[in-house]
Amino acid sequence: MTPACPILHVDMDAFYASVMTRDRPELHDVPVVVGGGHRGVVLSANYPARRFGIRSGMPGAEAARLCPHALTMPPDFGLLTPVSRAIMETFRTVTPLVEVTSLDEAFLDVRGAVRLFGPPETIAERLRSRIRAEHGITCSVGIAASISVAKLASRQAKPDGVRVIPPDRFVAEVHPLDVGVLYGVGEATRQRLHRLGLVTVGDVAAVEVDLLRRMLGNHLGGHLHALVWGTDRTELVPGGAGVFGFGEGEPEGSMGAQHTLAVDVRDRVTLRRELLRLTARVAARVRTAGRTGRTVSVTVRFSDFTTVQRSRTLPVATDVTQEVYAVAVRLLDGLLDRGPRRLAVRLVGVRVEGLRPLRPADGRQMVLGERDPGWPDADRAVDRAIDRFGGSAVRRASLL
DNA sequence: TCTGGGGTCCTAGGACCC
DNA sequence: TCTGGGGTCCTAGGACCC
């Protein structure tokens, strides 16, 4: 029989901080912050640090103000990634229906596993004790009929707990809460709803769906209506880690890179050099994934934090660094010429969109009368060298 | 010493075509 | 020589997630 609540959301507790201090018992009562260095944000804070009000996503400077004696360390993905992979593999011993949404979170559909392993609550406890035993860290599990409610439940289960929200308890337990608890309602939508006098989930549920659609737009209105009644049935998509660039597959639609400069910069030569560095990285990833993209998009964030983006779609898809860069640098120049003038630049980014698999026929066919400038060969040579000697072995002349 | 980096999806207007 | 609808593509911006 299919259980009423077949969806599990498993969320590691303070994953980065927990893993990085796991073998250092002397740090267990010390506030530890991962990330948040110069101009950065907090990626993870252990529970002692949270007692000072430190939260992930917070500017590092603010965290330092709240707790000056906290120990701050950069994330060590060489340590974190294998732990994450092993945990996700543990999930797959229960069900193949695992959607990995980040290094430290996944949704599981266990409807086919109850016969073998028992009810979802039992499965949750099994997974929790295995993760504790094998990796020395704790996690929390939300259990519900849908991913959106399971996600909400796991947040309430933290730390180191399990929470079930069955459909017949949804209204009683969720309607009194602030709309911001809903998965998919961020700060902007929350503020908007609050301004309309809709503060709790129940307040929104009392509004007719047609009115909601008129107030918030067709899609958001309809989606929100489903969320507040717990009827959203967005399907779990098995796989998915590639979306986050953690190496398990590659993203489908776009690949990009951006960087916040150590100091705000006005000098165009410096900005172009940074753009080339990022472009080389992105194009190499596109090639490695065996894809090409048609749209190049450049993002600039100015010192006042206003962010502008310009894109250009090419007639023919490319994976050639120099072709992407030629477009990107024109977009950058246009942006600097017409953007909020006089402001220094804080961040530059480049993205290749409209990715699709590279078919042999796409090859490097020449437009009539055009000479192949040899860039694809140069790219392949660079890719091979990076493959053999590592990324630091190869630098483009203009980066030296 | 305010505010990262990697993605996805939706909206809305204009161009262009039928 | 007046009015139009529908579909797709492109661009810019914004919201959301971890």
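Letters go in sequence order (proteins before strands), and every chain restarts at 1.
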> What interatomic distance, in whole Å, is found between C1' of B/dC16 and the corresponding atom of C/dG4?
Replying inline: 15 Å

> Quick one, which residues of residues 185-214 of chain A touch DNA chain C with a heavy atom under 4.0 Å?
Replying inline: A/Val185, A/Gly186, A/Glu187, A/Ala188, A/Thr189

> Is there a donor in the side chain of A/Arg301 and an acceptor in the side chain of A/Thr307, or the other way round, less than 3.5 Å apart?
Replying inline: yes

> Base, sugar-phosphate, or nothing for A/Arg55, non-hydrogen atoms under 4.0 angstrom?
Replying inline: nothing

>> For a quick check under 3.5 Å, do A/Asp232 and A/Ser146 share a side-chain donor-acceptor pair by atom type?
In response: no

>> Generate the contact string for nucleotides 6-11 of chain C. Rules: B means base contact, S means sugar-phosphate contact only, - means no protein heavy atom under 4.0 Å.
In response: ----SS

> For A/Tyr183 and C/dC17, are the ring centres under 5.5 Å apart with planes inclined under 30°?
Replying inline: no

> For A/Gly253 and A/Gly37, take the nucleotide of DNA chain B holding the closest heavy atom to each; which residue's nucleotide lies nearer the 5' end?
Replying inline: A/Gly37

>> Measuring from the side chain of A/Ala64 (C-beta onward, heavy atoms only), which nucleotide among B/dG4, C/dC18, B/dT1 has the closest atom?
In response: B/dT1

> Base, sugar-phosphate, or nothing: which does A/Leu220 touch, judged by heavy atoms less than 4.0 Å apart?
Replying inline: nothing

> Hey, is A/Arg291 close enough to A/Asp319 for a salt bridge, meaning N to O under 4.0 Å?
Replying inline: no

> A/Pro59 or A/His219: which one's nearest nucleotide on DNA chain B is closer to the 5' end?
Replying inline: A/Pro59

>> Is a donor from one side chain sitting under 3.5 angstrom from an acceptor on the other, for A/Asp178 and A/His194?
In response: yes

>> Any base atoms under 4.0 Å from A/Glu62, or only sugar-phosphate, or nothing? Heavy atoms, all strands.
In response: nothing

> In terms of ring plane angle, is the pair A/Phe52 and A/His69 parallel, tilted or perpendicular, where the classes change at 30° and 60°?
Replying inline: perpendicular

> Could you give the CE-to-C1' distance, from A/Met88 to C/dC18, as a whole number of Å?
Replying inline: 11 Å

> Can you tell me which stems DNA chain C forms when a stem means 3 or more consecutive Watson-Crick or G-U pairs under 3.5 Å?
Replying inline: B:5-18 with C:5-18

